[in-house]
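In what follows, a structure is listed as structure tokens, so that the remarks can point back to it.
Since the structure is predicted, the reported quantities are computational estimates derived from the model, not experimental observations. We name chains A, B, ... by the order of the sequence lines, and we start the count at 1 in each one. Just so you know, these numbers use all the heavy atoms, side chains as well, and skip hydrogens, waters and symmetry mates.
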Amino acid sequence: MTPEDKLPVRLACGSVRLKVNGEAVILRRSGALWLEQHQTLVVADLHLEKGSAYAARGQMLPPYDTAETLRRLDGEVAALGPRRLILLGDSLHDGQAEARLAAINVDQIEQLAKGLELLWVAGNHDADGPRHLPGQTIDEMTIGQLILRHEPHPAPQPGEVSGHLHPCAKVIGKGRSVRRRCFATDGQRLILPAFGAYAGGLNLRDAAFSPLFAKPPIAAALGKDQVHLIGWNQLVADRLTLAAPRH
Amino acid sequence: MERPAPTLPPTLPSQFQDWFAAKGWAARDHQIAMVQRAKAGRHVLLIAPTGGGKTLAGFLPSLIDLSQTPASERAESIHTLYVSPLKALAVDVARNLMAPIEEMGLPIRVESRTGDTNLSKRQRQKANPPDILLTTPEQLALFCAWDGARAYFANLKTVIIDEVHALHGSKRGDLLCLGLARLQSFSPAMRRVGLSATVEDPERLRRWIAPRPEVADLVLGTPGAAPRIEVLLSDQRVPWAGHSAQHAMAEVYETLKTAQTALVFVNTRWQSEFAFQELWRLNEDNLPIALHHGALAPEQRRKVEAAMARGELRAVVCTSTLDLGIDWGGVDLVIQLAAPKGSSRLVQRIGRSNHRLDEPSRALLVPANRFEMLECQAALEAVAAGALDGDPPRTGALDVLAQHLMGACCGEGLSSEALFAEARSAAPYEDMTQRDFDDVLSFVSDGGYALRTYDQFRRIVKGQDGLWCVRNPQTAQRHRLNVGAIVAAATLNIRVSSGRHGGGRKIGEAEEWYFEQLTPGDTFLFGGEVWRFEGVSGMDARVTRSGDKEPKIPSWGGTKFSMSSHLAERVRDMIMDRDHWQQLPGDVQDWLGAQAAHSAIPAADGLLVETFPRGGKSYLVCYPFEGRLAHTTLAMLLTRRLDRLGVAPLGFVCNDYVLCIWAMKPMDGLDLNDLFQQDMLGDDLEAWLDDSVMLKRLFRHCALISGLIERRFAGAEKSGRQVTFSSDLIYDVLRKHQPDHLLLRCARADAAEGMLDIRRLGDFLQRIVGKIEGISLPKVSPFAVPVMMEIGREAIAGAAQEAILEDAAFDLISEALS
């Protein structure tokens with residue numbers, strides 16, 4: 001393996017190609033993971049019907065998050081033409097989300113499922129997977145050098161691709177701060193950003209991430225037209241804490 | 001001018017006349033007039049300078065009425081409600097009101113109720129109402145959302161709104177006005193009294209205070225003697241740039257010594273810290289000089305206010321938190337550091353001094369740089385001419401109406417017709433369309449979405465009787481937790497660190513963004529002392545005392561007010577008129593002369609645009625004099641255009657007078673009429689607005705105020721973090737799927753009026769059509785020097801966010817990945 005193989009490469013469409021546990025992966029500006037060799041598209045944490053979950057509790061968030069999330073997913077499927085689509089857990093926001101889906105969204109999912117293999121990885125919000133929607137529910141899956149699951153296992157896990165934590169990168173420049181969803185990787189394991197329109201984010205500098213990476217991870221932040229690679233030392237926590245981890 | 005006819009019989013009962021006589025006072029004309037208006041049952045607006053016995057004039061009718069009602073006829077309810085914008089004011093007026101009550105032995109109970117009042121006292125007030133209740137607009141909003149309010153206020157005779165001039169032109173004023181309409185519904189015979197400082201347009205306030213379509217009567221207090229204002233002509237050279245007036249501090253100190261008590265006004269909190277430190281450095285006579293601003297802990301502010309009242313202080317360095325409020329007779333000098341930004345604000349600040357009305361107030365303006373010298377001179381002349389700047393016209397905000405409607409329906413069931421009529425009786429909403437109202441009601445109920453999936457989740461429901469009412473008590477409770485029109489930036493407590501674990505004295509609060517800039521070990525100035533920043537934990541920024549004399553982090557420059565358009569016009573006229581120059585100090589005259597020689601003097605009604613090269617870059621400098629906010633918007637739009645023209649703009653900087661853009665390629669050949677075309681406010685503005693951080697921030701305010709998202713949650717203290725939902729996520733989705741949604745309309749309306757000053761920018765672009773003068777210079781002009789000196793302090797490039805991300809990209813990534 002030449003040194004060039006290790007470097008991340010920026011692609012014309014704004015994506016970044018790099019290696020996780022030796023396996024080449026493409027990080028898309030949309031937050032999706034494209035495993036070109038395996039013609040597999042992976043997205044995590046869609047949280048469909050999160051808006052209506054809040055409305056049920058009195059905060060009337062616009063009910064368009066499901067439509068928006070599916071629209072973005074549609075866009076990626078149309079652009080890449082995958083043979084297999086993996087939803088990496090927490091695809092539905094809660095146990096009643098499937099029932100709240102509007103008919104038009106159910107149609108959208110059914111259209112999506114035609115012509116490819118649709119797999120739902122069980123999450124913590126939707127542990128049983130959908131009851132009536134197309135596709136198969138699984139716990140985890142091995143693809144090449146990678147193992148795909150919803151929640152990252154503690155301690156370093158070479159080749160693990162997971163979601164669940166909704167990583168975000170925050171940087172400060174020109175007197176202002178910018179916060180974006182991001183992929184997080186140390187070359188050994190990879191955590192995907194949340195794909196859902198209303199999914200919140202946890203700062204990569206947060207303590208929840210530190211036990212997972214043997215050495216400080218880099219962030220691949222989702223910009224308007226491209227993915228930006230940002231090193232650990234450029235990242236700042238949401239609050240500067242007394243116990244900031246030092247690397 | 002309303003004056004009582006001289007032949008009227010005495011208006012005051014003998015008890016009150018005796019009281020005035022015992023104090024050695026004569027009841028003033030306007031105080032008598034207020035009593036007469038009350039007898040006639042008229043709504044009234046009193047305009048009087050501070051110190052004119054305005055508060056007593058407001059309460060006199062109520063005191064008389066209560067003193068003359070025998071105990072047997074007294075209703076067990078609130079007789080008079082007083083509302084003031086400041087918590088401290090409400091508490092202070094209570095204290096002052098006790099003087100006549102106690103001295104005359106009147107059987108009247110007065111209490112105050114603010115956010116600081118403890119729970120048991122508030123419960124007592126509900127169970128056992130006082131005669132006079134002094135409170136804040138937020139408490140009134142909470143009352144409106146209470147189902148006991150109708151009974152509680154059924155016998156309300158009078159509501160007094162203090163500092164009307166400060167309240168009316170804002171969202172807070174909108175909410176208050178709606179609250180007054182609600183009170184009027186509880187007590188139709190209620191009389192409204194407004195107390196105001198001198199304003200440019202009394203007619204507007206007369207309409208604001210009254211239930212529309214009525215207009216309140218006007219009573220004018222005796223105007224005080226004209227103020228004596230001087231502009232400090234420093235022996236030092238007036239600096240080219242800067243905001244701090246540092247060059248003149250020694251002279252300011254000398255002036256302080258000539259006064260009994262002085263107020264030193266500055267425009268921002270950080271300027272106050274800086275000025276305070278500077279004065280103490282010069283304070284060889286050890287004068288007691290205090291500091292007062294909004295971030296200091298309330299106890300600290302109370303201490304300063306009490307010391308002022310006792311006459312123990314020689315000077316207080318303060319910000320606009322002291323613009324309103326209690327009069328202190330001992331203040332005989334007002335010093336305004338750096339330009340006042342508006343003549344109204346200046347007059348009101350000058351009004352703080354010397355409350356023996358017959359003697360003129362003394363004021364000193366200390367400009368911080370050469371342009372400010374012009375502005376101060378213009379302000380001085382404006383005040384002398386009695387020319388005050390007014391507020392632009394505004395209509396009531398719909399997000400505020402949403403909050404109010406929700407509250408009303410928490411209190412009782414109401415028909416939409418009744419709600420509509422009641423809202424339209426509030427001046428800011430008198431021209432509201434049925435469509436807008438229906439949109440707001442629909443929003444309150446289920447979010448107002450085209451996609452009708454939320455019927456089952458409605459917050460307010462229409463019953464069989466056709467009345468709208470809150471869904472259940474839990475929903476009402478959530479509303480009450482989140483009431484209020486003021487949306488503040490997230491703040492951290494500043495706490496003196498005592499050991500590693502918790503505790504420690506809180507010395508104040510400051511916005512989170514300030515601490516984002518600091519790393520542990522940095523020192524900064526607060527409360528007049530230098531502190532060392534240790535870090536943040538939870539809601540606290542921990543600090544320890546630093547031994548340093550100088551803080552490492554400089555004060556954050558700039559003001560939050562823009563120069564008013566009236567002052568701007570005066571400054572432009574002043575520059576154009578050479579005869580006028582003689583009023584200005586020597587080095588400013590030289591500067592104006594140099595500008596005339598090397599470039600040109602900006603025409604009063606046109607626009608001067610200079611271009612020149614410097615340091616390998618090209619500069620475009622223009623002089624709109626339209627205020628920093630309008631200039632920032634203009635700069636953003638110009639930068640987009642320049643980008644399309646291929647000159648590669650790199651950044652811009654602007655202040656109240658000037659705008660400067662720099663680029664890679666020369667800009668002298670450009671068609672300026674094209675560049676400044678009004679159509680930039682069309683598609684360009686839409687596109688930029690949609691993307692802009694500014695609009696997202698405004699949207700967030702609208703989302704919070706309207707009740708779409710909640711900031712406070714029940715049980716949040718126990719359960720730890722309950723996070724406010726990110727409004728940015730909502731904004732993005734809403735823009736795509738329902739671009740005409742109510743809240744997006746609200747955010748755009750706010751942009752037009754407030755933070756982006758689009759209306760003002762539009763008027764400006766209209767004004768300069770065909771009157772743009774372009775000059776291509778070989779080097780920087782004298783007028784451009786000040787703004788050039790500000791480059792590097794706050795350069796903001798156009799596509800800032802993406803650029804910041806790009807800059808952060810790290811080239812040691814390969815090392816990290818190997």
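For a residue to count as touching a neighbouring chain, one of its non-hydrogen atoms must lie under 4.5 Å from one of that chain's; by this rule B:T453 touches chain A with the side chain only. In this structure, chain A has a heavy atom under 4.5 Å from the side chain of B:F725, while its backbone stays farther away. For A:A102, no part lies near chain B; criterion is any non-hydrogen pair under 4.5 Å. Both the backbone and the side chain of B:A450 come within contact range of chain A, with heavy atoms under 4.5 Å apart. Within the 4.5 angstrom heavy-atom criterion, only backbone atoms of B:S445 (N, CA, C, O) approach chain A.
By the 4.5 Å heavy-atom criterion applied to side chains, B:K736 and A:Y64 are not counted as neighbours.
Contact count against chain A (heavy-atom pairs under 4.5 Å) is highest for B:R459 among B:Q456, B:R459, B:R471.
A distance-only check finds a donor-acceptor pair linking the side chain of B:Y449 to the backbone of A:M60 [under 3.5 Å].
We find the CG-CZ distance between B:D728 and A:R179 to be 10.5 Å, quoted to the nearest 0.5 Å. Within the model, atoms CD1 of B:I730 and CG of A:D65 stand 10.0 Å from one another, a figure rounded to the nearest 0.5 Å. A distance of 6.0 Å separates CG of B:L729 from CZ of A:R181, quoted to the nearest 0.5 Å. In this structure, A:L61 CG and B:L734 CG are separated by 10.5 Å, a value rounded to the nearest 0.5 Å.
For a heavy-atom cut-off of 4.5 Å, chain B lies close to A:G51, A:S52, A:Y54, A:A55, A:A56, A:R57, A:G58, A:Q59 in residues 51-59 of chain A.
Heavy atoms only, all atoms of each residue included: A:A197 and B:V733 are closest at CB-CG2, 4.0 Å.
The number of heavy atoms from other shown groups lying within 6.0 Å of CG (A:L11) is above 12.
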